[in-house]
There are 2 protein chains.
Amino acid sequence: MTISDVAKLAGVSKAAVSKVIRNDYGVSEAMRDRVKRAIDELGYRPQAAARALRGRSFTIGVLMQHIGIPFYAEIMSGLVEQLEESDYQAIMIQGGTRAKTEERAIDALMDRQVDGILMIAPLAGRTQLERVAREIPTLVLGRHDRSPAYDSIVDDDRTGSELVMEHLIALGHRRIGHITFHEDHGQPADHKPHLRAETYERVMRDHGFADEIAVVATSYSEEGGYRGAHELLSRSPRPTAIFAGSDESALGVLTALHEAGLSVPDDVSVAGYDNTRLAAHPNIALTTVNQDGAVMGRTAGRLLLERVEGRAAAVHFSVTPSLVVRRSTAPPGPGA
Amino acid sequence: MTISDVAKLAGVSKAAVSKVIRNDYGVSEAMRDRVKRAIDELGYRPQAAARALRGRSFTIGVLMQHIGIPFYAEIMSGLVEQLEESDYQAIMIQGGTRAKTEERAIDALMDRQVDGILMIAPLAGRTQLERVAREIPTLVLGRHDRSPAYDSIVDDDRTGSELVMEHLIALGHRRIGHITFHEDHGQPADHKPHLRAETYERVMRDHGFADEIAVVATSYSEEGGYRGAHELLSRSPRPTAIFAGSDESALGVLTALHEAGLSVPDDVSVAGYDNTRLAAHPNIALTTVNQDGAVMGRTAGRLLLERVEGRAAAVHFSVTPSLVVRRSTAPPGPGA
DNA sequence: ATGAAAGCGCTAACAA
DNA sequence: TTGTTAGCGCTTTCAT
């Protein structure tokens, strides 16, 4: 089943069929109709490989360390939604957690002649990324180091953290603790999620609460939040609110509070970051920051298609997060 | 950068280079060396599209409804591990939750000439799957309906459920409740996770506890477990153990027990199914059934490569699960 | 507006 | 063992 079969059935040339498929100009209405009918009748679908050999593969490659991360699923749903209206298809590939395996995955995408690459939080250094970007339209998501060679999308952690802090302060909190992570925790240096901790401190200072600043550096995992909360609660007086740097760690905070016999939000308010699925669960009801992965994914799709269409200048996009207030935050209780 | 460049640099023919790349026979040591040196010097990599046009694309396509499901990530890591030693690469594509979008995703894989397809819990009916399998080596994972047209891998829910039940009974439990899901909960009819409920009932009968059978049908979600537990606890006398059909629902059970002021495992033992990441968390420590997605993934890779190499007869694989005992199960307490 | 023909990068059949 | 050559299915000039 090839383009020749369609041409034969429609009684036209292969070139004509090709034009119809690609919505190229220079085909009469009658021609278009006949060809389309033939295509439908045969159930013909062009082979991507043959098309790729002459130009486009109509494929967008997405690189991620692993599937299984809920936030990535959101990004993908946005991307797929955006690409749905085009002729492009997204394929995903796992890069793993080592530079070596990631490189292999990137090569695999290039071998397959993808028309664009979306790299979600890649490990590769800027030089490497630029090498890829020279060959293929590239968009890097979640890295705060820009390059004129590729587009980028970042979440605006500064704004997100401000939203949390202003919310807590407006509720009347002053003694607000924060849980961040150690430098050497497997995150590339330029991921800079430290922006959250930085912003926490700045907002505290701006409001004249410099003396109340209490930061614990563990990790963004549930267990890190658990340990961090333990340390914060051991201080006297204990904080009336805890801003955990991620939802995962906020879950650990909730566990620690529960074990300590403290209730949320009456004794301590808790806020997270990321708006993961569990945060929305009625039994958790965590106030958090929504990064809107779907918007990021849609934007990524749009920017990549623009690149494929010829845009050369780099675009850097910052997605503004929003605050999702749930039951885990409230004014400080009388006991605090 | 093509095969011609390599041939020119090495001073040999394209065919010779091609043979070296494919480890074909009929090349002298000297020839192989010269060609390999040229390949390295140029950093040449063959284009998958061109290869696909003449035969193989060296690509295995994986279809899944969504990424973001931890169990799928495990399957993928097994698959990737298996394919690592071969020249094949796995690419993933999302089929979504509607038959329409899934079909489009399958078509996309076929358009891209993948050499094999792994379908994880597809929505498509058997007829459709067989249509695909006629064109491309196909393996269906997680569906209990077999076909001579494609290979399949299923988890052995019967054995897994028996492991849970025998464990609870060995601990001394008699009043064991079970939470399953409603038929019409979005699962294809032939997914048959009802095997878990069926096995629960059978084991209860086999041990002479037919009178104690207590099944609630809600859903396999956290919220379903929560509601299910509420209903089971309202019975008198209440069960001393609850076997939830999934870890997700077991989490809901834990919440319900906690709210009811009952402790786990002193008042009630709880067991789940799937061994998700949260089940392993020290704060949860849920006894559950490990399906070993990695083994499934590795097996899938092996079977697909066999098919690609020419095997025609269908193979059906059942992966035996294992019990993971954690702190959520213990002998019934004195109060029970 | 339509079609003929060249060629994308590779593999495979055949010759040498 | 090595090289020549004819395509794979499509797109893209370039004639007509």
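Below, chains carry the letters A, B, ... as their sequence lines are ordered, and counting in each starts from 1.
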Open item on the list: Nearest whole Å is fine: how far is C:dG9 P from B:Lys8 NZ?
Closed with: 12 Å

TODO: Select base, sugar-phosphate, or nothing to describe what A:Ala15 touches, counting heavy atoms under 4.0 Å on all strands.
DONE: base

Open item on the list: Quick check on DNA chain D: between B:Ala50 and B:Val27, whose nearest nucleotide comes earlier from the 5' end?
Closed with: B:Val27

Task: Value in whole Å for how far the P atom of D:dT2 lies from NZ of B:Lys14 - done: 18 Å

Open item on the list: Taking any heavy-atom pair under 4.0 Å as a contact, classify B:Gly26: base, sugar-phosphate, or nothing.
Closed with: base

Task: Distance, rounded to the nearest Å, where A:Ile3 contributes CD1 and C:dG3 contributes P - done: 12 Å

Task: Phosphate-side-chain proximity, A:Thr2 and D:dC8, N/O vs OP1/OP2 below 4.0 Å - done: no

- [ ] Rounded off to whole Å, could you give me the CD-to-P distance for the B:Gln113 and D:dG9 pair?
- [x] 9 Å

Open item on the list: Distance check needed: D:dT11 C1' versus A:Leu53 CG, whole Å only.
Closed with: 10 Å

Open item on the list: I want to check one thing: is the phosphate of C:dT11, taken as OP1 and OP2, less than 4.0 Å away from some side-chain N or O of B:Arg51?
Closed with: yes

- [ ] Could you check how far CG of A:Asp24 sits from P of D:dT13, rounded to whole Å?
- [x] 10 Å

Task: Check: A:Tyr88/A:Arg56 side-chain N/O donor and acceptor closer than 3.5 Å - done: yes

Open item on the list: Can you measure A:Met1 atom CE to D:dC8 atom P for me and round it to whole angstrom units?
Closed with: 16 Å

TODO: Give one of base, sugar-phosphate or nothing for B:Tyr25, where a contact means two heavy atoms less than 4.0 Å apart.
DONE: nothing

- [ ] Grab the two heavy atoms, one from A:Arg126 and one from A:Arg143, that are nearest each other, plus how far apart they are.
- [x] N-NH2, 4.3 Å

- [ ] Compute whether any side-chain donor of one residue and acceptor of the other, for B:Gln65 and B:Thr97, lie under 3.5 angstrom apart.
- [x] no

- [ ] Under 4.0 Å between any heavy atoms, over every strand shown, what does A:Ser18 touch: base, sugar-phosphate, or nothing? Just pick one.
- [x] base

TODO: Whole angstrom is fine here: how far is it from CZ in B:Arg56 over to C1' in D:dG9?
DONE: 20 Å

Open item on the list: Can you tell me if B:Arg22 touches the phosphate of C:dA12, counting only side-chain N or O atoms and a distance under 4.0 Å to OP1 or OP2?
Closed with: yes

Open item on the list: Distance alone, cut at 3.5 Å: any donor-acceptor contact between the side chains of B:Asp274 and B:Gln291?
Closed with: yes

TODO: Would you mind telling me which residue lines up with the more 5' stretch of DNA chain C, B:Lys19 or B:Gln47, judged by nearest nucleotide?
DONE: B:Gln47

Open item on the list: Which is more 5' along DNA chain D, the nucleotide nearest B:Ala16 or the one nearest B:Arg54? Just name the residue.
Closed with: B:Ala16

Open item on the list: For A:Asp115, is there an ion pair with A:Arg307 - N to carboxylate O distance below 4.0 angstrom?
Closed with: no

Open item on the list: Whether B:Ser13 contacts D:dT4 is assessed here as follows: a side-chain N or O lying under 4.0 Å from the phosphate OP1 or OP2. Is that the case?
Closed with: no

